[in-house]
Amino acid sequence: MSTAHPARRRDAAATREAILAAAVVEFTEHGYAGAGVRQIAERAGVTAMMINRYFGSKEGLFTQAVARAFAPPTIVGDEHTGLAGAIAHTLTERTAPGTERLDPFLLLLRSAPDTEAAGILRQGVETNVGARLAGLLDGPDTEVRAQLALALIAGTWLLRSVVGTTALATADDAHLTTLLTDMLEPVIHEADGTSAPGTGLDGADG
């Protein structure tokens with residue numbers, strides 16, 4: 001009898017994984033409101049009852065799908081050294097015309113308008129990519145600075161990859177990387193909360 005238990009555990013893990021993978025695809029393609037439990041179950045090869053058994057509800061499944069989508073490093077890596085340049089390079093590379101769409105951002109874009117999904121997305125972003133980026137920053141206000149950087153990342157992705165504004169879509173990759181690096185550097189490497197000399201933003205120059 002003991003030999004049957006590991007097999008059951010493996011089957012349960014495989015079923016849960018299949019449901020979660022299918023949910024990420026459905027939520028990314030159709031958003032929270034448009035993705036149906038039956039469609040997710042069909043894609044995963046299970047019944048809707050199995051989804052409720054493993055995740056409790058559509059909301060519970062969405063919570064896990066968001067965590068799964070935002071947990072892996074996509075644009076923000078894990079290296080402190082050269083962080084601004086690394087983010088800029090990866091962002092430019094991953095948003096270039098003809099490249100594969102960034103699924104976590106599509107999931108965010110298509111589900112954020114739903115009030116039920118918005119809080120789950122907020123928590124998913126903050127506890128995954130937001131926390132990872134904040135943990136790489138030194139100095140004060142790391143969470144605020146991390147989320148400002150994420151705002152720049154998300155805005156660049158939206159205009160370049162989804163909307164396809166001409167200037168960003170046709171920009172030279174090397175030049176765009178340089179511009180993005182210069183924009184990210186003050187946020188990522190702010191150490192004392194003051195602006196650069198001569199800007200007047202800290203009140204020193206009136």
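Keep in mind that the numbers below use all heavy atoms, side chains included, and drop hydrogens, waters and symmetry copies.
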Exercise. Are any of the side-chain nitrogens in Asp114 or Lys58 under 4.0 Å away from the carboxylate oxygens of its partner?
Worked result: no

For this session: Quick one: pull up CG in Leu184 and CG in Leu152 and give me the separation to the nearest 0.5 Å.
Result: 5.0 Å

For this session: Indicate yes or no: at least one non-hydrogen side-chain atom of Tyr32 is less than 4.5 angstrom from one of Pro113.
Result: no

Exercise. Do Leu176 and Arg160 have side chains that get closer than 4.5 Å, going by heavy atoms?
Worked result: yes

For this session: Could you walk me through whether Ile153 and Ile87 pass side chain to side chain contact (heavy atoms under 4.5 Å, CB included), step by step?
Result: CA-CA 8 Å; Ile153 292 169; Ile87 291 174; 3.7 Å; yes

For this session: Write down the atom of Ile40, the atom of Ala22, and the distance for their closest heavy-atom approach.
Result: O-CB, 3.7 Å

Problem set entry | Note, Gln64 side chain near Arg16 side chain (heavy atom, < 4.5 Å) | yes

Problem set entry | Test item: Ser111 side-chain N/O and Ala117 main-chain N/O as donor-acceptor pair under 3.5 Å | no

Exercise. Can you check whether Leu180 reaches Thr156 side chain to side chain, under 4.5 Å on heavy atoms?
Worked result: yes

Problem set entry | Note, Glu126 side chain near Gln147 side chain (heavy atom, < 4.5 Å) | yes

Exercise. For Ala23, does its backbone N or O pair with a side-chain atom of Arg68 as donor and acceptor, under 3.5 Å?
Worked result: no

Problem set entry | Criterion side chain to side chain donor-acceptor pair (under 3.5 Å) on Asp138 and His80, from CA distance to verdict | CA-CA 10 Å; Asp138 298 320; His80 182 277; 3.1 Å; yes

Seminar exercise, completed: Rounded to the nearest 0.5 Å, the CG atom of Leu137 sits from the CD1 atom of Ile188 at a distance of 6.5 Å

For this session: Give the intermediate values and the outcome of side chain to side chain contact (heavy atoms under 4.5 Å, CB included) for residues Leu121 and Phe62.
Result: CA-CA 9 Å; Leu121 286 166; Phe62 184 68; 4.0 Å; yes

Exercise. Between NE2 of His30 and OG1 of Thr28, what distance do you get to the nearest 0.5 Å?
Worked result: 10.0 Å

Exercise. So if you build clusters from Ile, Leu, Val, Met, Phe, Trp, Tyr with side-chain heavy-atom gaps below 4.5 Å, do Leu150 and Val66 land together?
Worked result: yes

Exercise. Any side-chain heavy-atom pair from Leu158 and Phe105 closer than 4.5 angstrom?
Worked result: no

Exercise. Would Val129 end up clustered with Ile120 when hydrophobic side chains under 4.5 Å apart are linked, directly or stepwise?
Worked result: yes

Problem set entry | CD1 on Ile19 to OH on Tyr54, rounded to 0.5 Å | 6.5 Å

Problem set entry | Point-to-point distance, once rounded to the nearest 0.5 Å, from CZ of Arg94 to OG1 of Thr99 | 7.5 Å

Problem set entry | Shortest non-hydrogen contact from Ala88 toward Thr181 | CB-OG1, 3.2 Å

Seminar exercise, completed: When rounded to the nearest 0.5 Å, the distance separating OG1 of Thr178 from CG of Asp172 is 8.5 Å

Exercise. What's the shortest heavy-atom distance between Asn52 and Ser57, and which atoms?
Worked result: OD1-CA, 4.0 Å

Exercise. With hydrophobic residues grouped by side-chain heavy-atom distances under 4.5 Å, do Val125 and Val144 end up in a single group?
Worked result: no

Exercise. Around atom CD of Glu185, are there more than 12 heavy atoms of other residues, nucleotides or ligands at under 6.0 Å?
Worked result: yes

Exercise. Are side-chain heavy atoms of Thr142 and Leu133 found at a separation under 4.5 Å?
Worked result: no

Exercise. What heavy-atom pair brings Asp173 and Thr92 nearest, and what distance separates the two atoms?
Worked result: O-CG2, 3.5 Å

Exercise. In the single-linkage hydrophobic clustering (I, L, V, M, F, W, Y; side-chain heavy atoms under 4.5 Å), do Met183 and Leu168 co-cluster?
Worked result: yes

For this session: Quick one: closest heavy-atom pair of Ala118 and Ala112, and the distance?
Result: CB-O, 3.8 Å

Exercise. Is it true that Phe55 and Val25 fall in one hydrophobic cluster, defined by side-chain heavy atoms closer than 4.5 Å?
Worked result: no

Distance-only criterion, 3.5 Å: show the donor-acceptor pairs between side-chain atoms of residues 42-49 and protein atoms not counting sequence neighbours.
from  : atom 1 : to    : atom 2 : distance (Å)
Arg43 : NE     : Glu26 : OE2    : 2.8
Arg43 : NH2    : Glu26 : OE2    : 3.1
Thr47 : OG1    : Met50 : N      : 3.3

Exercise. Does Leu106 reach the side chain of Phe27, with side-chain heavy atoms less than 4.5 Å apart?
Worked result: no

